[in-house]
Structure formats: structure tokens, C-alpha cells
Amino acid sequence: MNLFGRIKSELNKITMLRSLRFRLGLILMLVGLFCCLIMRFGIMQSYFNRALEVRTLDVQNQIKILADHLITYDYLQDQRSEVVNAELNMLSNLYDGRVLIINNSFNVIKDTYNVSQGKTIISEEVIRCFKGESITNYDDNNNYIEMTVPITMTVDEEQRVVGVILTSVSADSIVNNQEILDRQAVLIAIVILIIVFGIAVAVPREIMKPFDKVTSAINEVKAGFTSDKIVAEDYTELEHIADAFNQLMARMKVLDDSRQEFVSNVSHELKTPLTSVKVLADSLNTQEDVPVELYKEFMSDIVNEIDRENKIINDLLSLVKLDKTASELNIESVDINKLMESIFKRLMPLAKEQGIDLIFESQRQVVAEVDEVKLSLAITNLIENGIKYNREEGWVKVTLDADHQFFTFEVADSGLGIDEESQKHIFERFYRVDKSHSREIGGTGLGLAITRSTILMHRGSIKVSSVPEEGTVFTVKVPLSYIQ
Ligand code: ADP
């Protein structure tokens, strides 16, 4: 992690810094501060520039008028003109400045400060000014606006520069005004900052109130005080959170209901054989001189019931194991044709006993990455069901096919079929279309649930289609390569 990342993670550890309320407040404060700084520096600076500009324009106009009068009163030759001298005094008094008039020999013929009169000034500005250029500078160390303006007259219809007016005008009054405004701006900024601080504390608190309401509503649901639904109407975002929470709660309720139903089903299924065992044993106990035949018959019934109990427990255990060890598939490359053949070999005696014809048809050789033991159990369940829920002299036909991605097998039978409503439920635990018939033939109602779990763990799918009294087809599709 770089330095920035480390600082960020350290800051994140401070709970307050992670609070949305704090962050909102901070953002408001920063925005307020930013506005104050813009006002303080931006507006003040532009006021100063504008005032300087206005003052410069004013003085420039006055000097242009003066330049005309200098020519009119021939002041460059004779400096006794009272009109011009009065105008010069007025100018230097009005703008608290100094005016120098330089003739075309670079001699100062008039200095309102009476210091440089008679001296020669050959500065760069003066030379440029003699070439016709007007120059304005602001000396920010001494707060002076300096202007050099040419005095021109028309000689032979040609404008000629015959002298230069050099002026420096004080900008002190502008600076003073700026300082006064600046103090007022600082005061206003402080007031604004205090108001912004108040807003930064109060507004986030108000904004966050609905979040606190939702948190306490969730806590109440958690503690079980209220219904398992929360209502949040203040913000759309909160409505989305509340909707998601309510959906989660609804889903958990479904899961909880199905868990409870499963537990009650399990207890019921486990109790049934035990009740039979107890009834059989009780009746043997209470009868005197029980004939050996009856004794034997009852004992064999008891053994059957114990076997049944055992089968239910085993099926339950494999189901729980499938649920728990979803990631623990023992995947290897398996020859599916060979696997089918070995299952057929095992089930042949059962099929013969029921007078059922077992047929296997393979379109091609299939090798796939599967858990051999678990898949074999799933296929066996399907074929066993085909045999169990069949009519006399019926058939069960398994066909195997594959494309480049999946292998598919169908287990079709000529049996009892399953009505449409029951087709929706047959993969549920303990669901049996005809409970008594299923129990008679040793069913637990768990076989298809186990089969479905196994196929889903292989990232496959299982579908059923059936016509009552005609037969049932289970279609299973499994990827050839296992997808993690
Ligand atoms: P069971 O142990 O009762 O056979 P399953 O989970 O294997 O439990 O099957 C659930 C129910 O689906 C069965 O009780 C049966 O009613 C019905 N069923 C399953 N396979 C078939 C089939 N091939 N033909 C008709 N009904 C079937």
C-alpha cells in the first residue's frame, strides 16, 4: 500500500471521520470557506483593479485637455500662462500628484514640485513617448500611477510630438478605500462562516434523521418487537434500502418456514415406523401365548419398519451431506456409458422382479468430469423410480447423448405418470404423489430431492414431463467439463 493508501486506511479507523454526518458537515464548511475566500480576495482584487482603471482614465482625459492647452497657449515656449499654471496646480492638487512638462530638447520646463525644473530627462519612457506612444505604469511599492503622454501639434498637416507630459498620481485613496472594504469583507466573512458552521452542524443532523429512524426500525425488527417489515418514506434511497430489507426478511421467512416444515416432516416420517414398531411390540406383549407364526410375522414386520427407519435416516444423511459439502465434489473423468451399464447391471434383478423391461440406448460415447458416486446415486434414483412407479410388463428406457458442451440423458417409463400439480412438487423433500403407495413400495420421498441437489451441484438441470397413466420422462443435462 502506498503512503496515501496507508493514510486513508488509518483515517478510516477513526469512526467519526467515516460518519456521513461528519463528512456532509465538512463539505458544507469547506464550501462556505471557499466562498468567503473568493469574496475576500477575488472581489477585493477586482474592485482595486477597476478603481485604478477609472482613476487612470480620469487623469488621462485631464492630461489630454492640458496637452491641448499647452499648445494653445504656446506654453512650451513661454511658461507664464496663468490659465495653464492654474490648471497644472489644480491637477496636482486634485490627484495629489506631480506633473512635469518636457520640451523636445528633453529639458524639464515645468515641474509642479519645482525640483527638477531646468534638468534634462532622457528616460526610456520619455524617448518612447517622443515616438508617439502613451505609457501608463502602476508602481505598487509607492502606490503611484505614472503616465507619460505626448504633446502633439499639427505641422504641415502632420502630427508632431513637440513635448511630453510626465505625471505621477497617488493611488493612496484607492488603497485606503480598499483597506476599509477589506475590513468589512473580513467581518462579513466571519459572520458567513459562523452561519455556515451552524448550517453544517444542523443540516446533516436533519438529513441523517431518517437514517437513524431506519436503523432503529431494523433494530426493532431484529429484537422482534414489531412486524418484520420496515417503512421508510423520507428518501427514495432509503425506500430502496427498506425494500431490499423487506425482501430479505420475506426470503428469510420462507427459508425459516421451509426449515420448520422440513423439521416437522422429518419428525413425522421418523415417528411413523417407530409407532408401527411400538404397536406391533405392544400387541405381542399384551397377548398371552402368542402363536409362533404370529410372533414371527410380527417380528418380520418390526424388522421391515426398522429397515424403513434406517432408509429414511440414510437418505436424510445423504441429503444433509449434499447440502453441506456442496464444494466437496470428487470430480474425475468418468466414462458415462460404462457408468450407465454398471447401474443397469445392478438394477436388472429389481426390474426382472417387477417384470419391467430395462432399455439403454446411447447415441455416442460420453466422457465427462463428474463425481461418479454421487451421479451414480442420482441416476439410480431416477431409474428405480421408473421401475417402482410402473405398470405390469412396462418398460424403462434410458437414452444418452451429448453435444460439445453438455451430455444429456433421459429416463422415460411407461408407468403411472404424474399429474401437472404434483410435477411442481416432486423435487421437494418428503413429497409423494400417493403417500400410501410410495410407502408400500419403500419410498421415503427424498430420492428426487437428492437427485436434484446432485445435478445442481454439477451445474446441470433436471426437468420432468409426464402424462398420467401413460408415463414420465426425466431429462437431465450436465456440463461435460465441471464448472467451478
Ligand atoms: P420416493 O422415495 O417416494 O420414491 P422420490 O423423491 O423419489 O420419493 O419421488 C417423489 C414422488 O414422485 C414419489 O413418491 C412418486 O409419487 C413420484 N414419482 C417419482 N418418480 C416417478 C415416476 N417415474 N413415475 C411416477 N411417479 C413418480
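Quick note: residue numbers are just sequence positions, from 1. Both backbone and side-chain heavy atoms feed into the values below; hydrogens, waters and symmetry mates do not. Each ligand, and each atom within it, is numbered from 1 in the order the structure gives.
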Original post:
Heavy atom under 4.0 Å from ligand 1: found in I418's side chain, backbone, both, or neither?
Top reply: side chain
**OP:** Considering the heavy atoms of Y431, write down every atom of ligand 1 situated less than 4.0 Å from one of them.
**Re:** 10 (C), 11 (C)
Original post:
Got a salt bridge between K253 and D256, using NZ or NE/NH1/NH2 to carboxylate O under 4.0 Å?
Top reply: no
Original post:
So between T472, L416, N390, D413, whose heavy atom ends up nearest atom 23 (N) of ligand 1?
Top reply: D413
Original post:
Should the pair E269-R432 be classified as a salt bridge under the 4.0 Å nitrogen-to-oxygen rule?
Top reply: yes
Original post:
Going through the distances and angles, do T408 and T475 end up as a side chain to side chain contact (heavy atoms under 4.5 Å, CB included)?
Top reply: CA-CA 7 Å; T408 316; T475 310; 4.0 Å; yes
Original post:
Does ligand 1 have an atom that lies less than 4.0 angstrom from a heavy atom of N381?
Top reply: no
Original post:
Any ion pair linking D234 and K213 (charged N to carboxylate O, less than 4.0 Å)?
Top reply: yes
**OP:** Determine, using heavy atoms of E384 and all atoms of ligand 1, whether some pair is separated by less than 4.0 Å.
**Re:** no
Original post:
Of all the heavy atoms in G445, does at least one lie under 4.0 Å from an atom in ligand 1?
Top reply: yes
Subject >> Atoms of ligand 1, numbered as shown, that sit under 4.0 Å from any heavy atom of V433 >> reply: 14 (O), 16 (O), 17 (C)
Original post:
Are R40 and D182 within salt-bridge range, i.e. N to O under 4.0 Å?
Top reply: yes
Subject >> Any N/O pair R432/ligand 1 closer than 3.5 Å >> reply: no
Original post:
What do you reckon, does G447 have a nitrogen or oxygen under 3.5 Å from a nitrogen or oxygen of ligand 1?
Top reply: yes
Subject >> Polar contact flag, side-chain donor to acceptor under 3.5 angstrom, N390-S414 >> reply: yes
Original post:
What do you reckon, does A449 have a nitrogen or oxygen under 3.5 Å from a nitrogen or oxygen of ligand 1?
Top reply: no
Subject >> Per-atom contacts, ligand 1 versus L446 - under 4.0 Å to a heavy atom >> reply: 6 (O), 8 (O)
**OP:** Check the angle between the aromatic planes of Y138 and F48 and answer parallel, tilted or perpendicular using the 30° and 60° thresholds.
**Re:** perpendicular
**OP:** Could you tell me how the ring of Y431 sits relative to the ring of H425: parallel (under 30°), tilted (30 to 60°) or perpendicular (over 60°)?
**Re:** tilted
Original post:
For ligand 1, which atoms, with element, lie under 4.0 Å from some heavy atom of T444?
Top reply: 1 (P), 2 (O), 3 (O)
